[in-house]
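First the structure, in the form of structure tokens, and then the observations on it.
We use all heavy atoms of the structure for the numbers below, so side chains are in, but hydrogens, waters and symmetry mates are not. When a ligand or atom number is given, it counts from 1 through the structure's own listing order.
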Amino acid sequence: MSRIDSLLSRMTLEEKVGQLNLVSAGQTVTGPSGAEDVAAGVRAGDIGGVFNVWGADAVAALQKIAVEETRLGIPLVFGLDVLHGHATTFPIPLAEAGSFDPGLWERTARAAAREAARDGIDLTFAPMLDVARDPRWGRIAEGPGEDPLVGERFARAKVRGFQGGDPSSTDAMGATAKHFCAGGAAQAGRDYAAVDLSERILREIYLPPFRAAVEEGCVAVMAAFNSVAGVPMAANVRLLRDCLRREFGFDGVIMSDYAAVAELVAHGVAADLCDAAALALKAGVDMDMAGGAYLQGLPAALAAGRIGEADIDVAVRRVLALKEKLGIFDDPYRRVGRRERNAGDQRDLALEAARRCIVLLENRGALPLSRNLRRIAVVGPLADAQDEMPGPWSGAARVGRCATVLDGLRAATDAEIVHHAGCAIEGGERGGIAEAVEMCRSVDAVILCLGESAGMSGEAASRASPGLPGLQGELAEAVLAAGVATITILFSGRPLVVPRLAERSSALIAAWFLGDEAGTALADVLAGRFNPVARLAATWPRDIGQAPVYYGALACGRPPSADDPFTSRYLDAPTDPLFAFGHGLSFARTRLSNLRASAGTFHIGAPVALDLLVDIMNEGNVATQETTFLFMRDLVASVVRPVLELKDWAKTDLEPMETKTVRFALAPDTFALPGAGFVPTIEPGEFELFVGPNAERTRLLSIRVRALPAPPLS
Ligand code: GLC
């Protein structure tokens, strides 16, 4: 008999229900709930897992109670939101996605796992894989941006990085793919709001990153708060049981999000906790996070005959199997016992990652900064904002470690640096604006640091008007009016709607929240010591009225045309974004040419479709790394197709004046669409393939190829 079978056979109903209860220890607060006496709950056998606690001593103390003071001594599993670093913070996921570098994505996850495991964390509630196309939604900061292919590759890299080759090893932790699914499509960009999508869009856009995470072996999945097509995810049998478990083959633990089981009552699909607990258990939710719904509701549901003890056993078995997979049964102190183990200093990686996530949006000859500058003003509320640099979801970050822009510039240049905040990030009074402007009149250049606080993105941080908060717009106008070359750096967890600033700044940088080494990395770019290579993983709107905004919109009968009023356009704004998906400048200048395909046709069913080749030249005088995107459009299909679909990207290192050929090997499934029954199907007909530096149509080279019916069997 296996260890799990043996345990299960000895467990009382109360002990079984206790294993399904995941509670917050409150070292950081990530949801609405009163603090509870976790130690007492563990001692009573009412708790199977604890999150929001870290540090060897605190974790070991709770584990000791579970192991030594409960009847069966079943150890706890410890979880935490480790999304972009633990003690050392890396760029927020939306920024890191913009590096388009799966190797980097994996390395930062590996480094985070080492640090978090040393602090006793067995399971991270990451990667967050919500595709997001609406900058009003604050959680766009936490995920891979707008594109499902980026999401898939991000999912694989992060699961590999967090779990290492073996999630039970002492420097690894389990990965939880979250939030299943589609929270990024919340109504009006408002967190937790209902989601209503067609099955096709769900399958083409929102599900692929989760399938990829399951294929990569993630040990857990977190169900989302929101409903999809009228069914809250915590009770969604079709998506949890039929899709995630049966179709994707996921047999790990599904946990609810924070109190989401209890919130089935607020959704209006459950009358009480008994009802809610029965619905969630039947849908396949194994652990109830922070809501107490299982602890209070499952015994009642059992007594009422809504569920059987066998249903509870299925969930308990999965939770015990998770603990076994993470090595917790073999050694409950495995991750905290190795105190001599050093997680290594991650600062070098933090600097590399920060540099590679900085997006140069505009540059009107102002960058790199001239070495002749004698006096530089660093202005704005984000210039010296050390605590904001880690961004959202950085609960375990070591405070006081982050390098700010002011720190970085002072260390990087001989010029005299003067500084004035000008105004607060939000609220405050306008007195400092005049002082800041006065200071700007006597310098050679201004570095204007504006944007959001770390708390203005992430969870429960939707913004109806995601522009510059507070008085920052006034500060920007006043500084720009002073007429001194002004390089604006934007710190945010989302694309900010700042069309005038983009137009009038001498250069514009998206700095997101870059973590520990933010200031040093930005100074390296400003001073030209690092050539910016990052791109936008989410479209940057000109006007929030364009949201949801993304490059892969479905075609329509009257595509936008500025020349024809009877087309899909606005009277009061352009339809094109301020910056396209994939946009990002460097200090080099590259050119694509000579796009060609290894064949003009291929047979459906052939093992290999074809190769696409394009030449890329660096016409600049600095070395660079160019990201080249491959998009596709299915020109005639049985259903309306997106005007562009991302099918691959390539990164090419180029010395000055160097030319290389980029090759895309196109597998046949590149051309597939979800056909009848959403089975991947290649339909005969013409496809247009596009290659370019971003999703802006005017920057793309294109070529057509044709899919021919499979040849008759000879
Ligand atoms: C929060 C978030 C989720 C997080 C969980 C635990 O409500 O929605 O992403 O993992 O609670 O902190």
Item to check | Those atoms of ligand 1 less than 4.0 Å from some heavy atom in K178 | outcome: 3 (C), 4 (C), 9 (O), 10 (O)
Checklist entry - Can the ring centres of F51 and F125 be said to be less than 6.0 Å apart? => result yes
Checklist entry - Quick one: does R139 get an N or O within less than 3.5 Å of an N or O on ligand 1? => result yes
Next on the checklist: Please verify the inter-ring angle class for F513 with F491; under 30° counts as parallel, over 60° as perpendicular, anything in between as tilted.
Outcome noted: tilted
Checklist entry - Who passes side chain to side chain donor-acceptor pair (under 3.5 Å) against E517, sequence neighbours left out? => result R347, T520
Item to check | For Y258, the ligand 1 atoms whose distance to one of its heavy atoms is below 4.0 Å | outcome: 7 (O), 11 (O)
Item to check | Numbered atoms and elements of ligand 1 in range of F225, under 4.0 angstrom, heavy atoms | outcome: 7 (O), 8 (O)
Checklist entry - Above 12 or not: heavy atoms from other molecules or residues under 6.0 Å from CD of Q187? => result no
Would you tabulate the side-chain donor-acceptor contacts of residues 244-255 under 3.5 Å, counting partners in other chains and residues two or more places apart, or write 'none'?
unit_1, atom_1, unit_2, atom_2, d
R245, NH1, F250, O, 3.3
R245, NH1, G252, O, 2.9
R245, NH2, G252, O, 3.3
R245, NH2, G284, O, 3.2
R245, NH2, D286, OD2, 2.7
R246, NH1, D242, OD1, 2.8
E247, OE1, R203, NH2, 2.8
E247, OE2, R203, NH1, 2.9
E247, OE2, R211, NH2, 3.2

Next on the checklist: Could you identify the single nearest non-hydrogen protein atom to atom 3 (C) of ligand 1 and state the distance to 0.1 Å?
Outcome noted: D257 OD1, 3.4 Å
Checklist entry - Near M289, which atoms of ligand 1 are under 4.0 Å from a heavy atom of that residue? => result 5 (C), 6 (C)
Next on the checklist: Which residue and atom name correspond to the protein heavy atom nearest atom 9 (O) of ligand 1, and how close is it?
Outcome noted: H179 NE2, 2.6 Å
Next on the checklist: Taking D81 first and then K178, would you say they form a salt bridge - that is, a charged N and a carboxylate O separated by under 4.0 Å?
Outcome noted: yes
Item to check | L94 versus G145, closest heavy-atom pair with distance | outcome: CD1-CA, 3.7 Å
Checklist outcome for this item: of all protein heavy atoms, closest to atom 4 (C) of ligand 1 is D81 OD1, 3.1 Å
Item to check | Protein heavy atom at shortest distance from atom 2 (C) of ligand 1 | outcome: E459 OE1, 3.2 Å
